Amino acid sequence: QVQLVESGGGSVQPGGSLRLSCAASGRTSSSQAMGWFRQAPGKEREFVAAKSRSGATTSYSDSVKGRFTISRDNAKNTVYLQMNSLKPEDTAVYYCAASSQFTTATMPSMYDYWGQGTQVTVSS
């Protein structure tokens with residue numbers, strides 16, 4: 001009942017910035033939280049950031065704190081991930097996700113809906 005489509009990925013040099021977008025459609029009002037995860041080849045999916053629909057709660061992984069910022073525009077049904085000071089280890093496919101049950105959600109199992117992913121590559 002919720003569809004998510006990521007965009008904004010690409011290739012950037014270390015220290016650069018990218019802004020990812022996730023457009024939601026369907027019953028977006030049922031989403032209590034939106035989150036970003038990433039997955040590098042051969043590795044498990046990793047939590048990046050999440051924000052409740054109300055904006056009251058925000059969470060970041062330790063690896064991105066101070067560099068990434070998650071934001072939501074509920075009127076546009078869109079969640080963003082601003083990524084600054086990018087490092088090669090940030091290279092991964094980034095996925096957005098929506099949780100219908102949890103306002104604070106940092107685990108993949110807490111999310112019901114997932115986008116198709118967008119590739120982010122950080123290299124010189």
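Quick caveat: nothing in here was measured; it's all calculated off a predicted structure.
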Notebook entry, point to check: Got a donor-acceptor contact below 3.5 angstrom from the Thr121 side chain to the Ser11 backbone?
Noted result: no
Check: Is any side-chain heavy atom of Ser59 closer than 4.5 Å to a side-chain heavy atom of Lys51?
Finding: no
Notebook entry, point to check: Hey, is the main chain of Cys96 close enough, under 3.5 Å, to the side chain of Glu6 for a donor-acceptor pair?
Noted result: yes
Item checked: Ile70-Leu86 co-clustered via ILVMFWY side chain contacts under 4.5 Å -> yes
Checklist line | Heavy-atom check, side chain of Pro88 versus side chain of Ser123, under 4.5 Å | finding: no
Next item on the list: Say whether Ser52 and Thr103, considering side chains only, have a donor N or O and an acceptor N or O under 3.5 Å apart.
Entry: no
Check: If you take all heavy atoms of Arg72 and Val79, which pair is closest and at what distance?
Finding: CG-CG2, 3.8 Å
Checklist line | Side-chain H-bond candidate by donor/acceptor type, Asp73 with Thr78, under 3.5 Å | finding: no
Next item on the list: Could you check if a side-chain atom of Ser31 sits within less than 4.5 angstrom of a side-chain atom of Val2, using non-hydrogen atoms only?
Entry: yes
Margin query: Tell me whether Tyr80 shares a hydrophobic cluster with Val120, the cluster being built from Ile, Leu, Val, Met, Phe, Trp, Tyr side chains joined at under 4.5 Å.
Written below: no
Notebook entry, point to check: More than 12 foreign heavy atoms under 6.0 Å from CD of Glu44: is that the case here?
Noted result: no
Check: Are Gln13 and Ser124 linked by a side-chain donor-acceptor pair shorter than 3.5 Å?
Finding: no
Notebook entry, point to check: Transitively linked via ILVMFWY side-chain contacts under 4.5 Å: Val93 with Trp114?
Noted result: yes
Check: Rounded to the nearest 0.5 Å, how far apart are CZ of Arg19 and CG of Leu81?
Finding: 10.0 Å
Notebook entry, point to check: Hey, mind stepping through Lys87 and Asp90 against salt bridge (charged side-chain N to carboxylate O under 4.0 Å, His left out) and telling me if it holds?
Noted result: CA-CA 5 Å; Lys87 305 174 181 179; Asp90 295 318; over 6 Å; no
Note to self: Quick check for you: to the nearest 0.5 Å, what is the distance between Arg67 atom CZ and Tyr60 atom OH?
What the structure shows: 12.0 Å
Notebook entry, point to check: Of all heavy-atom pairs between Ala40 and Ala92, which one has the smallest distance, and what is that distance?
Noted result: N-CB, 3.9 Å
Notebook entry, point to check: Quick one: are Gln82 and Ser71 in side-chain contact, heavy atoms under 4.5 Å?
Noted result: no
Check: Hey, does the Lys NZ or Arg CZ of Arg38 hover above the aromatic six-ring of Tyr95, less than 6.0 Å from the centre and inside 45° of the axis?
Finding: no
Note to self: Could you check whether any side-chain N or O of Tyr94 sits under 3.5 Å from a backbone N or O of Gln39, counting only pairs where one atom can act as donor and the other as acceptor?
What the structure shows: no
Check: If you group Ile, Leu, Val, Met, Phe, Trp and Tyr by side-chain heavy-atom gaps below 4.5 Å, do Phe68 and Trp36 land in one group?
Finding: yes
Notebook entry, point to check: So Phe37 and Phe47, would you call those rings parallel, tilted or perpendicular, with 30° and 60° as cut-offs?
Noted result: perpendicular
Notebook entry, point to check: With distance as the sole test, does Arg45 use its side chain to make a donor-acceptor pair with the main-chain N or O of Met107 at under 3.5 Å?
Noted result: no
Check: Any idea which heavy atoms bring Tyr111 and Ala33 closest together, and the distance?
Finding: CE2-O, 4.2 Å
Check: Where do Gln32 and Ser100 come nearest, in terms of heavy atoms and distance?
Finding: CG-O, 3.4 Å
Next item on the list: Determine whether Leu18 and Asn84 make a side-chain contact, defined as any pair of heavy atoms from C-beta on separated by less than 4.5 Å.
Entry: no
Check: Of all heavy-atom pairs between Ser63 and Glu46, which one has the smallest distance, and what is that distance?
Finding: OG-OE2, 4.0 Å
Note to self: Could you check whether any side-chain heavy atom of Glu89 comes within less than 4.5 Å of a side-chain heavy atom of Thr91, counting everything from C-beta outward?
What the structure shows: no
Next item on the list: Taking all non-hydrogen atoms of both residues into account, name the closest pair between Ala24 and Leu4 and its distance.
Entry: CB-CD2, 3.6 Å
